[in-house]
Amino acid sequence: MRAPGTVAAGETLLAVENVSLRFGGVKAITDVSFDIRKGEIRAIIGPNGAGKTSMLNCINGFYYPQEGRITFKGETRRRMRPYVAASQGIARTFQNVALFKGMSTLDNIMAGRTLKMNRGFFWQLLRYGPAMAEEIEHRKVVEEIIDFLQIEHIRKVPVGKLPYGLQKRVELARALAMEPELLLLDEPMAGMNLEEKEDMCRFILDVNQQYGTTIALIEHDMGVVMDLSDRVVVLEYGRKIADGTPEAVKRDQRVIDAYLGVAH
Amino acid sequence: MFYRETGQFKTSYQADMAVFPIRQDRIGLALILLAAFVVIPFFGSDFIISSVMIPFLVFSLAAIGLNILTGYTGLISLGTAAFMGVGAYACYKLTTFFPNINIIVLILVSGLFSAAVGVLFGLPSLRIKGFYLAVATLAAQFFLQWCFVRVPWLFNYNASGAIEVPQRTLFDIPITGALASPETRYFVCLGLVVVLTWFASNLLHGRIGRSWMAVRDMDIAAELMGIRLLNTKLLAFAVSSFYCGVAGAMMIFLWYGGGEAADVFSIRLSFNILFMVIIGGLGSLVGSFFGAAFLASLPTIMKFGLPAIGVPLAGATAEHVTFMLVGALIIFFLIVEPHGLARLWQIGKQKLRTWPFPY
Ligand SMILES: Nc1ncnc2c1ncn2[C@@H]1O[C@H](COP(=O)(O)OP(=O)(O)O)[C@@H](O)[C@H]1O
Ligand SMILES: [Mg+2]
């Protein structure tokens, strides 16, 4: 017997069924279905404008698809809502870094703990006793993440002042602070140099292996996708054109055509 | 040389999370409190206390209120004066109904009324931002000010429309009304401001403050992390309006001592508080004090300070010069340094910390 709402490794954690999303006349996603298994790294690839980001936005409730169903941890919904997604354990990073620019690295990551903190307003007013104990307890967790991602030196720096590569790392740290069950990464390596990319790859693998976090990853670098992911889903013009292991997908004729002439 | 943290090691997260982690800052704060509680009341003239210090304290509190909303949560408001007015009129009604309850308690309770009204006018903030929200709060300003004039119940049907501040005492010492000395009124203001500033600082350094800033900096990311936008914004409106309401009640009861409050809580006051926050520093508690000190002392400096050092300035000219100076500073800070005087203060401290070696 398992507690309800928990999923064993290898079973379906998230299932997207027949999801369609339109913006006025623009069809961003058309009738796409796929699943993500507990514990795997699942890549979502496709040319620009294929609907990858939109798909993540549907999964964590930021966009509402017109059709389809989304099942997470055995619960089926017409659509996700941001608060439900966050409290059920879905975290994400953004294609264009979406950090809290005016706050320090530490505060950004601490903000990721918000849902886990529950001392009320009046304790907060005093910042004493239970409120302080809670603050310290979460600070410890955050320090572990800071350690893990090797960003100790920028702890107190306002994130707006950090170089792009580090910002992406802080964003990952903030997502990890939510202790998510499913982590959505939208082009985590875009705009990075080779060394930063290698670091980020290692972090993603470590997160997956050490914490057992399931990861959905959008990435353009085919080399990275082949190395990291267990299974790949390929989108083009909002439709799914392939789904399978990296090797199988690489040999798929439609995928080759879709990427033909695109230097990746 | 002297402003250094060298040799001060933090051995616990608690020490690292303190609001003033550097010892020199704590000493500085102690000195300021000493000056505020001892030096000024005993050596300051009645004029300084009632025309500079009390206005400074009242404005500081209102500026903290607006800063919580605009500087920390990113919601612009032009209704500050109206929320202050709600506090003032609520306090007047409360002390009429409950003359035996201590006036300090009533001043604080008036803040709750202001908070409720603030939440009401904050509701549109879920849907609208920036310019449109500013217009919505402007509507609050005009509507509430209209109420202050047109609802005679609020000023106890007084024929002149004025609030008549009754005498109220604490331990038999009058703290409001004609017999209250400037020093007593100053002490009450100071006590309220110190305690409320401490509360604000606590809130801002914890989960709630982080949620406010997260919503300000990137509301989408905040929402996807489980921060509920509406709750967070409404809480900011509530706390902000509470501070403004208390400031408004203090303004009438401890500073003006009565008068036609409807004129006081005008759009001009709203703008003045906004200017304090901008000049002092958006998103900075200490900046709220800088901004309030600057704008509260400017008229006095213009009127008495400049003639004293031999610069002749007639009353009307002084007022015009003040306007132009404030206007120029607003533009300067908005363009060059949106974090205001507080940031200049920070930069100065940083320089001191490394002085005399630049690295
Ligand atoms: N908020 C939006 N409003 C209108 N159109 C959108 C919006 N978001 C995405 N789209 C459209 O949906 C399509 C897919 O975009 P996106 O999901 O960002 O693609 P990808 O991430 O694969 O590059 C594009 O044609 C884009 O213009
Ligand atoms: Mg995208």
Side-chain angles (χ1 to χ4, degrees), chain A residues 56-57 60-62 81-88 90-94 97-103 106-128 131-140 142-143 155-156 159-160 171 174-175 177-178 184, chain B residues 5 10 12-19 21-22 71-74 115 195-232 234-236 238-239 242 281-284 338-339 343 346 350:
Chain A
L56 294 197
N57 283 338
N60 64 11
F62 188 57
R81 284 165 199 279
Y83 181 80
V84 174
S87 54
Q88 295 281 305
I90 303 182
R92 79 173 282 184
T93 66
F94 296 80
V97 180
L99 285 170
F100 307 129
K101 289 244 168 8
M103 298 159 67
L106 195 57
D107 280 342
N108 265 275
I109 308 174
M110 283 295 280
R113 304 290 300 171
T114 303
L115 271 182
K116 306 211 177 284
M117 303 180 79
N118 44 30
R119 285 296 157 200
F121 183 79
F122 289 97
W123 281 118
Q124 299 283 337
L125 273 184
L126 300 176
R127 202 169 184 258
Y128 184 76
M132 199 62 186
E134 183 181 54
E135 192 86 1
I136 290 171
E137 175 195 328
H138 289 274
R139 171 76 187 265
K140 282 183 185 145
V142 165
E143 286 293 336
R155 218 187 250 124
K156 301 269 169 93
V159 292
E171 211 188 13
R174 186 182 66 183
M178 292 172 69
L184 313 174
Chain B
E5 64 240 59
K10 293 156 209 153
S12 70
Y13 290 133
Q14 174 136 22
D16 191 47
M17 285 168 2
V19 175
I22 300 176
Y72 284 97
T73 318
V195 171
L196 290 177
T197 304
W198 180 63
F199 281 156
S201 160
N202 286 343
L203 279 185
L204 291 169
H205 280 88
R207 166 176 64 85
I208 291 173
R210 283 192 296 267
S211 306
W212 284 339
M213 290 184 269
V215 168
R216 170 196 69 190
D217 286 347
M218 190 59 76
D219 53 356
I220 296 171
E223 194 181 9
L224 295 182
M225 283 165 47
I227 294 172
R228 295 184 202 242
L229 296 188
L230 184 61
N231 299 16
T232 309
L234 289 186
L235 184 61
V239 175
F242 175 86
L282 284 161
S284 160
H339 297 287
R343 174 53 58 85
Q346 279 269 318
Q350 192 58 38

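Every heavy atom of this structure was used, including side-chain atoms; hydrogens, water molecules and symmetry mates were not. Letters go in sequence order (proteins before strands), and every chain restarts at 1.
The nearest pair of heavy atoms linking A:Ala86 to B:Leu224 is CB-O, 3.5 Å. Between A:Leu115 and B:Gly226 the shortest heavy-atom distance is CD2-O, 3.7 Å. Taking all atoms of both residues into account, the shortest heavy-atom contact from A:Ala98 to B:Ala221 is O-CB, 3.4 Å.
A distance of 12.5 Å separates CG of A:Asn60 from CE of B:Met225, quoted to the nearest 0.5 Å. In this structure, CG in B:Leu196 is found 9.5 Å from CG in A:Leu125, a value given to the nearest 0.5 Å. Atoms CZ and CZ, from B:Arg207 and A:Arg119 in turn, are 10.5 Å apart once rounded to the nearest 0.5 Å. Rounded to the nearest 0.5 Å, atoms CZ (A:Phe62) and CD1 (B:Ile220) are 4.0 Å apart. Separation of atoms CZ (A:Arg127) and CH2 (B:Trp198) is listed at 10.5 Å; rounding is to 0.5 Å. One distance of note links CE of A:Met117 with CZ of B:Arg210; it measures 5.0 Å at 0.5 Å rounding.
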* Report the C-alpha distance between B:Arg228 and A:Tyr83 in whole Å, list the side-chain angles of each, state the deciding distance to 0.1 Å, and finish with yes or no for side chain to side chain contact (heavy atoms under 4.5 Å, CB included). => CA-CA 7 Å; B:Arg228 295 184 202 242; A:Tyr83 181 80; 2.8 Å; yes
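Looking at A:Ala111, the atoms closer than 4.5 Å to chain B (heavy atoms on both sides) sit in the backbone and in the side chain alike. Of the atoms belonging to A:Thr114, heavy atoms from both backbone and side chain fall under 4.5 Å from chain B. In this structure, chain A has heavy atoms under 4.5 Å from both the backbone and the side chain of B:Ala222. With a 4.5 angstrom heavy-atom cutoff, A:Leu99 touches chain B only via backbone atoms. With a threshold of 4.5 angstrom between heavy atoms, B:Val215 does not approach chain A through any atom at all. For a residue to count as touching a neighbouring chain, one of its non-hydrogen atoms must lie under 4.5 Å from one of that chain's; by this rule A:Phe121 touches chain B with backbone and side chain alike. Heavy-atom distances place both the backbone and the side chain of B:Leu203 under 4.5 Å from chain A. Heavy atoms closer than 4.5 Å to chain A are found in the side chain of B:Leu235, but not in its backbone.
Comparing A:His138, A:Lys101, A:Met103 by how many heavy-atom pairs each has under 4.5 Å with chain B, the most go to A:Met103. Listed options A:Arg92, A:Arg113, A:Arg174 were ranked by heavy-atom pairs under 4.5 angstrom with chain B; first place goes to A:Arg174.
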